[in-house]
Amino acid sequence: MAKNIKTRADDYAQWYLDVIKAAQLADHSPVRGCMVIRPDGFAVWEAIQRDLDHRFKETGHVNAYFPLLIPQSFLTREAQHVEGFAMECAVVTHSKLEKKEDGSLGPAGELEEPLIIRPTSETMIGSMYSDWIQSYRDLPVLINQWANVMRWEMRTRMFLRTAEFLWQEGHTAHETFDEAEEETRRMLDVYASFAEESLAVPVLQGRKTEREKFPGADVTYTIEGLMQDGKALQCGTSHNLGQNFAKAFNIEYLGRDQKKHHCWTTSWGVSTRLIGALIMAHSDDDGLVLPPRVAPTVAVIVPICRKDEEKAKVRDFIERALTAILGPEEVAAARHRVVAHGLESYFFDHVTHQKILVDWRDTRPGDKHFHWEQRGVPFRLEVGPRDVDAESLVVKRRLDREKETVALDDLSRDWLQGRLDDFQSRLLERARRFRDENTRTATSYDEMKKILANEGGFVRAYFEPGEAAEERIQAETKASVRCIPFDQPAASGKCILSGNDTPTQVLFAQAY
RNA sequence: CGGGGCGUGGCGCAGUCCGGUAGCGCACCUGCUUUGGGAGCAGGGGGUCGGAGGUUCGAAUCCUCUCGCCCCGACCA
């Protein structure tokens, strides 16, 4: 049992923070609500970026970068948008610091128009698109940007909700509503398959209700994941913005019919929140559990030896094992790599830079076991004198602590890749089972209340979405409509609140 | 932003009520013995007690203000 991590049953919120701390994913910053993403946390983000960026490009998008600062007036152009974001905008009003009479520094050089730090970039990008787009021949525009944004949240939680966070925002402009709608759904699909394939987080896809949608969107689609405490987490959203921003920013094109038309635009994004989703979906009371596809270190080799002669034997055997897995070139190249004291670093993959580490630090094996377990390294390979004699090593799987003995002759790149793939699919399977076991159907409001109070998780129910009804349910149960799932039943049923006949089933849950 | 809790070496805490030279465990450094699931002994380094004012001969301790974190609520990716 980990000494420095509270158990999930004991205190889930503290457990979450303890896991982040123990795995050194992030740290608090001196500024409220902001966090420092440490190398192992950032490596996970880089893995997410690399994978998603590939998927974006495969679907025809290109990257660009738009500025951090946005004229305040931009935000006010789209009525719903400004209403949604005004309360959480950081505003830049001055251009410099000056010494005041009392000798202290204070803001000076007041700006003519205040600038806001982007909470999202629809307005800035809309303004540029209105310049760039003249005719239907310029369409579609398919741009993504990787950026930071800032939303001055009242209550923050590491990765799940921080004042500043990293994300990607795709912004596209199209000739027709249908094209925009197709794009919106396409990118939601990209998110859903990414979440499942790379993060091993199974997600439910659906449409947000009017109450829950993005300010300024006609339609918002979402992928929703389920965390181990039974709360839902919105993992990504894709918006069909209709012509709202096109009208606000004059994004017009001359059509095939020789007439001016407003474009149809979309936007879609996922953020560093996904790292929070990973942690809460997979980790356990021993610490972090990472899906191999995003793990910075895929395996760690722990030597076990007493005397110097044993050490030489073990070292020699480890080198043979590494050579079998990585080939002699990488083993040789690693000799010249500068790494942390006592750790040898080998690249398992030179594209993703995922590593295999050998832990030669002068601590005891037990310490190392806990150390790497907390950091979520998928596999631990133990090599002691007995293993050397038997020409084999012990492989321990982080997922379930399963132990197996593998002969040196059986080691290869394919072998490890196979073990990693197996880990990845087991992890997804486990998360999917948890999600399915915690998705229930309610036929009455009372039944739903009971489920939410006792079990948590997703509750499917017939329901007529509406501001008043949703507000009442949230006030009484803390649950909101996470989405109107795409897979709807053939038959209609009775709304759990009004009793009216409705074809619509929705997914309720308490959410982060 | 409202209610509650907490800030004391890197981490976890005692000391605060009742003011009197800042302590414990883990971690860290050195040495020896150790090493198959969190080692033992010896020695050593590190804290203006979140910050700023105030009361006092004297403040971790009392008072005022402030900052941060956690929990619950309202808001949100």
Side-chain angles (χ1 to χ4, degrees), chain A residues 1-6 11-18 21-22 24 27-35 83-89 119-120 148-169 191 208 211-215 220 222-225 232-239 267-277 286 302-308 310-311 314 341 359-374 380-390 393-394 396 401 403 405 471 474-475 478 480 511-512:
Chain A
M1 189 60 44
K3 292 188 272 199
N4 52 346
I5 300 176
K6 275 240 162 62
D11 185 344
Y12 191 85
Q14 191 58 46
W15 165 82
Y16 175 72
L17 291 163
D18 288 347
K21 180 177 280 187
Q24 296 190 348
D27 211 344
H28 291 288
S29 88
V31 177
R32 175 198 184 84
C34 297
M35 68 173 175
E83 197 182 310
F85 285 107
M87 291 304 290
E88 49 196 52
C89 283
T120 176
N148 57 343
V149 287
M150 176 160 266
R151 298 179 188 176
W152 211 274
E153 300 289 351
M154 292 176 184
R155 188 173 159 193
T156 57
R157 270 169 91 69
M158 284 230 170
F159 290 113
L160 300 180
R161 185 175 304 106
T162 46
E164 181 191 7
F165 57 94
L166 305 182
W167 77 344
Q168 74 39 233
E169 45 181 327
Y191 288 155
K208 285 289 188 189
R211 182 168 192 259
E212 301 281 338
K213 75 178 189 192
F214 176 78
T220 290
T222 179
I223 53 170
E224 298 281 328
L233 182 70
Q234 180 174 309
C235 291
T237 46
S238 185
H239 317 288
S267 70
W268 27 276
V270 298
S271 71
T272 35
R273 169 179 271 194
L274 288 175
I275 298 174
D286 294 322
V302 177
I304 297 160
C305 42
R306 280 171 294 225
K307 305 173 183 114
D308 281 354
E310 274 179 5
K311 200 169 176 181
V314 166
H341 189 77
D359 188 352
W360 286 108
R361 291 174 309 147
D362 189 22
T363 57
R364 298 167 74 84
D367 278 320
K368 296 179 185 179
H369 300 336
F370 283 100
H371 181 88
W372 297 111
E373 261 166 21
Q374 296 196 340
R380 188 173 71 238
L381 281 51
E382 300 176 18
V383 179
R386 293 208 294 270
D387 304 299
V388 177
D389 292 342
L393 42 73
V394 174
K396 202 126 186 220
R401 292 195 163 201
K403 197 162 135 178
T405 302
E471 198 176 316
Q474 183 153 20
K478 295 180 193 169
S480 52
Y512 277 99

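Chain naming here is simple, since letters A, B, ... match the order of the sequence lines and numbering starts at 1 in each. Every heavy atom of this structure was used, including side-chain atoms; hydrogens, water molecules and symmetry mates were not.
- Other residues, nucleotides and ligands place more than 12 heavy atoms under 6.0 Å from the CH2 atom of A:W360.
- Between B:U66 and B:C28, the two C1' atoms lie 33 Å apart (nearest whole Å).
- Atom name P, nucleotides B:C63 and B:U16: the rounded distance is 14 Å, in whole Å.
- Taking the six-membered ring where tryptophan is involved, the planes of A:F165 and A:W167 are perpendicular, since the angle between them exceeds 60° and thus also 30°.
- When heavy atoms are screened at a 4.0 angstrom cut-off, A:C235 is found touching no nucleic acid atom at all.
- A gap of 35 Å separates the C1' atoms of B:C41 and B:U48, to the nearest Å.
- Candidate nucleotides B:G36, B:C70, B:A77 were compared by shortest atom distance to the side chain of A:V394, and B:G36 ranks first.
- Distances from the side chain of A:Q14 to the nucleotides B:C11, B:C70, B:U35 place B:C70 closest.
- A stacked arrangement is assigned to A:F165 and the six-membered base ring of B:A77, with a centre-to-centre distance below 5.5 Å and an interplanar angle below 30°.
- Summarising the base pairing, B:A60 is matched to no nucleotide, lacking a Watson-Crick or G-U wobble pair whose two defining distances lie under 3.5 Å.
- Comparing B:G36 with B:G20, their P atoms are spaced 47 Å from each other, to the whole Å.
- Using a 4.0 Å heavy-atom cutoff across all strands shown, A:G276 reaches no nucleic acid atom at all.
- Here B:C69 is the nucleotide among B:C72, B:C69, B:G37 with the atom lying nearest to any side-chain atom of A:H28.
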